[in-house]
Protein chains: 2
Amino acid sequence: MSPRHSAAEAAVTRATIVDHGVARASVEGLEGLTIGTLADELGLSKAGVVGPFGSKEALQLAVLKRATEIFKADVWDPAAELPAGRKRLAAVAENWISHLTRRVFPGGCFVTTAATEWDAREGPLHDAVAAAQGRWLATLRADAEVAVRAGELPRATDPAQLAFELNGVAMSLNQMLVLFDDKKAPARARRAVKRLLGPG
Amino acid sequence: MSPRHSAAEAAVTRATIVDHGVARASVEGLEGLTIGTLADELGLSKAGVVGPFGSKEALQLAVLKRATEIFKADVWDPAAELPAGRKRLAAVAENWISHLTRRVFPGGCFVTTAATEWDAREGPLHDAVAAAQGRWLATLRADAEVAVRAGELPRATDPAQLAFELNGVAMSLNQMLVLFDDKKAPARARRAVKRLLGPG
DNA sequence: CCTACCGATCGGTAGG
DNA sequence: CCTACCGATCGGTAGG
């Protein structure tokens with residue numbers, strides 16, 4: 001704890017640590033975060049970094065949670081006011097492509113990096129990453145269901161299949177951008193989305 | 001070096017280390033490999049593990065190379081005799097889906113894990129991973145080009161676009177299998193491939 | 001391929 | 001939120 005400072009100051013310190021952790025972890029992975037490196041870069045002691053969280057794992061969970069909030073604010077929230085259905089799904093897909101193309105996280109899609117890092121392990125990090133990704137896929141599926149029921153997509157469309165394929169387009173785009181810096185990749189992603197959702 | 005043993009024995013030791021490293025790195029990542037853990041699990045000393053390679057990085061590069069050989073033998077080689085074109089591309093896609101579904105690497109697609117781990121960093125590992133993934137995408141594109149020229153795919157098909165989308169299907173499949181153990185994912189992947197390549 | 005060892009860094013804690 | 005410290009482990013080496 002930090003008895004020499006107010007709760008508000010402590011919250012700022014905590015947020016600073018988390019934000020810096022998000023940027024680093026998107027590049028180095030959540031396991032690549034180290035308390036000592038964060039402390040050096042932020043001009044804090046190691047005790048000052050780990051104190052507000054209690055453990056490295058709790059810090060990693062806080063970093064993951066913040067990253068999902070940033071993603072939601074950038075990709076979902078601008079489209080949230082639209083009525084559910086095909087048009088909202090298309091708007092979300094475009095926001096998603098834009099999010100990845102702008103490299104909001106320096107290391108690319110945060111949840112993809114975290115999911116690939118933790119998918120085959122057990123523990124709280126695995127569970128938190130799986131929950132975050134599962135919620136996102138369910139969100140996509142829900143709008144796809146509405147779109148199919150409303151006749152905005154072919155009746156034979158399987159909403160889970162559509163979410164599966166949209167996710168694949170985003171993952172491939174992310175890899176082309178981060179691994180190869182491929183400038184043509186956003187156009188390819190848009191073309192793939194158009195094939196899945198139709199024009200407009 | 002190991003002056004007390006023959007070159008053949010040394011090669012076996014080296015291969016044992018690499019094979020074990022492949023299995024571990026598919027779960028923990030290439031950076032998650034540690035010389036001490038490998039030594040314990042193989043009943044070797046740390047010097048015995050690192051000696052044949054000279055450094056951890058050289059060991060990581062050897063592990064990555066071995067993983068790409070296993071992938072090629074499992075996914076590409078069984079289809080290599082077929083004439084280039086749409087049918088071979090479909091056979092390779094089916095082998096790829098089978099490869100991921102059988103969990104040949106316990107942590108899922110090795111190159112995807114390595115690419116996500118190293119995509120935003122610099123150095124020999126980044127370069128080796130990018131080269132491996134680039135070769136694979138070029139292989140897919142080459143067969144797509146032949147297929148388009150032969151009229152086996154619509155003339156408007158962009159071969160690079162097709163490789164981009166096939167890659168996305170495989171990445172999404174890999175995530176569904178490893179993160180969620182989703183038994184429906186292989187069928188979804190096959191359906192997506194059929195939409196991209198046509199039936200048969 | 002082993003023993004014995006090196007300096008550096010890891011996550012974390014006691015006490016203020 | 002800091003100093004000072006803990007045992008464990010990191011990659012790697014000398015010498016046999």
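Numbers restart at 1 for each chain; the letters A, B, ... are given by sequence-line order, proteins then strands.
Although no hydrogens or angles enter the test, the distance criterion places no donor-acceptor pair under 3.5 Å between the side chain of A/Glu165 and the main chain of A/Leu196.
At a threshold of 4.0 Å, the pair B/Glu94-B/Arg190 counts as salt-bridged, since one of the basic side-chain nitrogens sits closer than that to a carboxylate oxygen. For B/Asp181 and B/Lys183, the salt-bridge test passes: some basic side-chain N is under 4.0 Å from an acidic carboxylate O. For the pair A/Glu69 and A/Arg66, the salt-bridge criterion is met [side-chain N within less than 4.0 Å of a carboxylate O].
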Base-pair map of DNA chain D as dot-bracket, where | denotes pairing with a different strand and pairs are Watson-Crick or G-U under 3.5 Å: ||||||||||||||||
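In the hydrophobic clustering of ILVMFWY residues, with side-chain heavy atoms under 4.5 Å counting as a link, A/Leu64 and A/Val18 come out together. Cluster membership check: A/Met171 does not share its hydrophobic cluster with A/Phe105, using side-chain heavy-atom separations under 4.5 Å among Ile, Leu, Val, Met, Phe, Trp and Tyr.
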Under 4.0 Å protein heavy-atom contacts per nucleotide of nucleotides 8-14 of chain C, with B for base, S for backbone only and - for none: --SBBB-
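A distance of 5.0 Å separates CG in B/Asn167 from CD in B/Gln133, rounded to the nearest 0.5 Å.
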